[in-house]
Asks: 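Dropping the structure in here first, questions after.
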Amino acid sequence: MAVLVEEAIAALSTFSLEDDQPEVQGLAASLATERCATTSPIEYGDVSAYRLSLVEDTKAVNQLNALIHEGKEMSSVLYTYRSIPKELGELPDSMKHSQAELYLETYQVLDLEMSRLREIQRWQSSAASKLAVDMQRFSRPERCINGPTVTHLWSMLKLLDVLVQLDHLKNAKASIPNDFSWYKRTFTQVSVQWQDTDSMREELDDLQIFLSTRWAILLNLHVEMFRVNNVEDILQVLIIFCVESLELDFTLLFPERHILLRVLPVLVVLATSSEKDGDSLYRRVKMNRLINIFKNDPVIPAFPDLHLSPAAMLKELSVYFQKFSSQTRLLTLPAPHELPPLTSFQYSERHYLIVNHIGAIRAEHDDFVLRFASSMNQIILLKSTDSTDVDWSKEVKGNMYDMIVEGFQLLSRWTGRIWEQCAWKFSRPCKDSIPADSLESSTSNSDYEKVVRWNYTADERKALVELTSYIKSVGSMMQRCDTLVADALWETIHAEVQDFVQNKLAIMLKTTFRKKKDLSRILSDMRTLSADWMANTSKSETDIHSSQHGGEESKSNFFYPRLVAPTAAQVHCLQFLIYELVSGGNLRKPGGLFGNSGLEHSVNDLKLLESFFYKLSFFLHILDYSVTVGALTDLGFLWFREFYLESSRLIRFPIECSLPWMLADHVMESQNAGLFESILLPFDIYNDSAQHALVVLKQRFLYDEIEAEVDLCFDQLVLKLTDTIFTYYKSWAASDLLDPSFLFALDNGEKYSIQPMRFNALFKMTRVKLLGRTIDFRRLITERMNKMFRENLEFLFDRFESQDLCAVVELEKLLDILRHSHELLTQDLSLDSFDLIVSEMQENISLISFSSRLASQIWTELQNDFLPNFVFCNTTQRFVRSTKVSLVPVQKPSVPYGKPSFYCGSQDLNLAHQTFSRLYIGFFGIPHVFSIVKLLGSRSLPWLIRALLDHISNKLAILEPMITGLQEALPKSIGLLPFDGGVAGCQRIVKELLNWGSKTELKSEVLHGIKEIGTVLCWMALLDVVLRQVDTTNLMQTAPWLGLMPGPDGQISQSQEDGDSPLISLFKSAAATIESCPRRSNPSSFNTITKQAEAADLLYKANITTGSVLEYTLAFTSAALDKFCSKWNAAPKTGFIDITTSKDFYRVYSGLQFGYLEEYVEASSNNHDVLGDAVAWGGCTIIYLLGQQLHFELFDFSYQLLNVAEVETATVYYVLKHANYIQGSESLLEAMRKERRLNNHVFSLLRARCPLEDKTACAIKQSGAPLQRIRFENTVSAFETLPQKGA
């Protein structure tokens, strides 16, 4: 079935092709190769149809316009000219034999360029001759002359401006005479074999004179103009027109104003140099008027990097025009470089520097945008309603027209300010070329750097960025509404013209010009020329016919709105008729064109004519809407620097000297939140410059240079912008994670707060227009941000690897900040998952990989540094680094350098977080274990536990031969210490029994080995505390959903014995409710969720009861000791406890303990700083697991000595007799008491966590037979299937 067209259109209208991308760029017009004409496409060809005797004048205008177009192309060739010989270099010795061929090739290359210069020479001669002839056509011997039209005047001025710019460019290009000299030398070499070269030499001589003579074009124009010595009148007419237009601000757009400023000095010089009456000019135009104009604009833009100075031009031209040299008042005007500092400051303060006017510009922009948006809303409302209120419609459209005119005037004024500021900067380079904080050498700075790079202060750059954003945003806003306002503009122009010619002129015909036939004829011609009688609906056909012939009218006519605008020819003719009506063609009339001399016309009529005359001039710009907007928002001139490339003898400048990049870089460096949305607008300058290079200058090599710079600058933009964004979000995250109590205690806590910055608009940019290409800016930022997160993680891991294990808390804090910044950024960007990035950087992506980079590093630190060099304090439950020299030297990489953004963002936040991190640097305890558990997670933590358990097993295997050696060194019989020998005697007996003099190193290694085992056990004890706390927290979070509650005996019980858990019940009830709903959707998805809830319930309930890491470690150690039971826990031969001949492990450890306690007292060395309390943990655990605790407590040398001391101190006689000795042994006895208390603590903890008493109840059966140690299976634990260390 076919779909109706109306239905298809209605369906398509429901689709929206717009997205939420904000407008933070200028006009998104792609590069176009065709020329967009700003003049009438028919070139006034229809003027003859109006029979106004303007055919000859129109032909002259068309001829001048053609010359203007050709001259602009000549200027483009001359401006983009670059020296060729300097690229050729010196001739190498190996090519001396082919010198003639090289000269010929060089001549052929240079001849192509010189042919262009000869073409410029011929064109300027022809253009000067035609302009002079055209001026002479309007010269008359009598004082009152007629013509030319205003359009003709503008064509003359524009052609004269082209000649002036071309002459100025020829004077400035020093490479052209140099290239010509090289060309002439090569011509001399290659023309030896040629015949008849006289004509060629004459051409060369003429070209040499043309190129070497300053202001040769103006001198030639002067000669051509004064061949007939009666052009003074037309020159004076042009001067008066320029002066009045500048004084009364009649110029419509800034290019026209600059044209008048550039040609006025030349016109004054030409008019003054007349042989007839050169001083007559100053009788018509007062000298003060000219001086004021030249003073108000001492610098005039000519080319992007070239300027003109009226004062300098007048002084230089006075050398060539002798009559003008007598005008001392004009010649004493100071050039820009001659201005005194105070006067220069006044000029920059008053006129040129944008920073001094940005406040007013900002107010203009804000006010215009609001009113323009209101007018647009009215237009949209008008289009959406079928209102027949003609007056309201006319008012809305007229208001829209006024807003467009005001917008064009604002854009013209703002863009003109940028042109003029650039010209001022070029005229006054920075004398102190390098700031004090710059590290570059002043000798390396080019002239271009002095006028651009170092010539703009930070405030000036900010103002320029702001004004650029205003121009581009207003231009983009006006361009987007082109199709919406087109009808309103055309209707308003039509209404303006028809109201004037049908209503206002009719009134003038009845009143002012009623009895003046000549003037009445002009009015009738104006009505005939442009009146649209078909739109008049207030008369009958006979009335319309009579009104066409100027009949009487009783009331104003009403017009239907019609989309009909006047042509360029109609505007041209209407301006001519108004000019004829007011002045009769005599522009020399006192008071100017519309000045009221009190002669023929009333003031009101003159005001009406004046208002309509200038509206006519603007109609053409309004009708050529897109081209006008494009021309007024074109800022491509800010990039071009051809003159300075030549003067600096460089191929290109660094991007730091490029003004567009300087503006973009300033936005990033200034960290101004209000400017970041404008960061892409400077790249519109590159779009404008590329368009200018291809369309206007027509030079591909310039476009290639722009493209290369844009590629580099855009890469730098993405890098620096992402770094800025990353730093901001990192600072934001670090500020959020600061301890609130810390901020509350500070007086200046606000310095840790982050000022909000708006990056959301940039994050939505998916179609950035750049040199005709569309770039997904959001994707580039996302890719770069993912890379920065990976680089930051790599830096944090490298930093952690260069520090000890105590830095794990700092690593966790920094990773938390990085994770939080990732969460903040993920709200606007589609970044990779943070867990995925961490797994990738830890090389832990594989599903069968239980290890990770971080786990491996923690294990390496534990094995190489922590276990050998840290000691445990049982009182504080902390590990601290031994103050002694490290027994195991540790070599670590140096701490890598990182940007502040890789820490916490800003310097203040870095210091704040480092203050917290330093609190955990000097020790290792519960907070560090919490960090390890959080960092490793449930995947890598079992691997680390298994590695530590394997370390215990390996360490026991290493200790086995060493302990055997100590056992062999023990005496065959060791009895109990006699109480009658006293403390001193018992101490001597123990020393004699433990004669390990040759086993000193062996003793030390055994002690350190036992200490490492004890360190692992203490580490596991801390880990057990942390895991229990984590499990408790998880249980508290999941218990309400699983229906768990504490039972009466402290066990966990189910709240509902036979029912489902609350989690399952919730989803089952939701599924049942959906199924019972009459308008239910598909309930299968809810059933699937219910099944998933059941699976989650089973999973969480299975993980409620978890084992103890410490208990499993003890069980693992007990199993590892089974291999050494035969040597360390030998069964007595008699079946009874062997008191004297036993060499079990407890005997060896007892001797070692006595020895290091005695060394601790005698040598006054803090052995505790070397071994700590971990040695007691290791030794007591081995003794306990071997079932030797009772033996140790009965036969330990330290314990026996303490028993002797207790008995000895109880005897008063002995106390009095041996008080001094007891006092000397008190330190040893106190150390032994501390050690016994520590051993008792360890044994009590072991009995609580790994009870063995009920398993080895007695050593002898009741029958008297000996009973060996019985092994029972370990309890079930979550760590029974730990991964191997190599996994």
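If you're wondering where the values come from, they're calculated on a predicted model, not measured in any experiment.
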Asks: For the backbone of V299 and the side chain of D297, can you confirm whether one donor and one acceptor N or O come within less than 3.5 Å of each other?
Replies: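 No: the side chain of D297 does not pair with the backbone of V299.
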
Asks: Measure the CD-CH2 distance between E113 and W182 for me, rounded to the nearest 0.5 Å.
Replies: 15.5 Å

Asks: Hey, are K173 and E646 close enough for a salt bridge, meaning a charged N less than 4.0 Å from a carboxylate O?
Replies: yes

Asks: Whether the Y183 and N178 side chains hold a donor-acceptor pair (N or O, under 3.5 Å, no angle test) is what I'd like checked.
Replies: no

Asks: Look at D134 together with K59 and state whether they make a salt bridge at an N to O cut-off of under 4.0 Å.
Replies: no

Asks: So, are E256 and K158 salt-bridged, with charged N and O less than 4.0 Å apart?
Replies: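 So E256 does not pair with K158 through a salt bridge.
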
Asks: Closest heavy-atom contact between E420 and H258?
Replies: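 The pair with the smallest heavy-atom distance is OE2-NE2, 3.2 Å.
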
Asks: Do K170's NZ or CZ and the ring of F210 fall within the cation-pi criteria of under 6.0 Å and 45°?
Replies: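 Geometry flag: set, cation within 6.0 Å and 45°.
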
Asks: Would you say CD of E656 has more than 12 non-hydrogen atoms from neighbouring residues, nucleotides or ligands within 6.0 angstrom?
Replies: yes

Asks: Report the relative orientation of the aromatic rings in F226 and H222; use parallel for angles under 30°, tilted for 30 to 60°, perpendicular for over 60°.
Replies: tilted

Asks: Do Y703 and S689 touch side chain to side chain, with heavy atoms closer than 4.5 Å?
Replies: no

Asks: Run the side-chain hydrogen bond (donor to acceptor under 3.5 Å, both in side chains) test against K184 and tell me which residues pass, sequence neighbours left out.
Replies: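 Counting only residues at least two positions away or on another chain, K184 forms a side-chain hydrogen bond (donor to acceptor under 3.5 Å, both in side chains) with Q208.
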
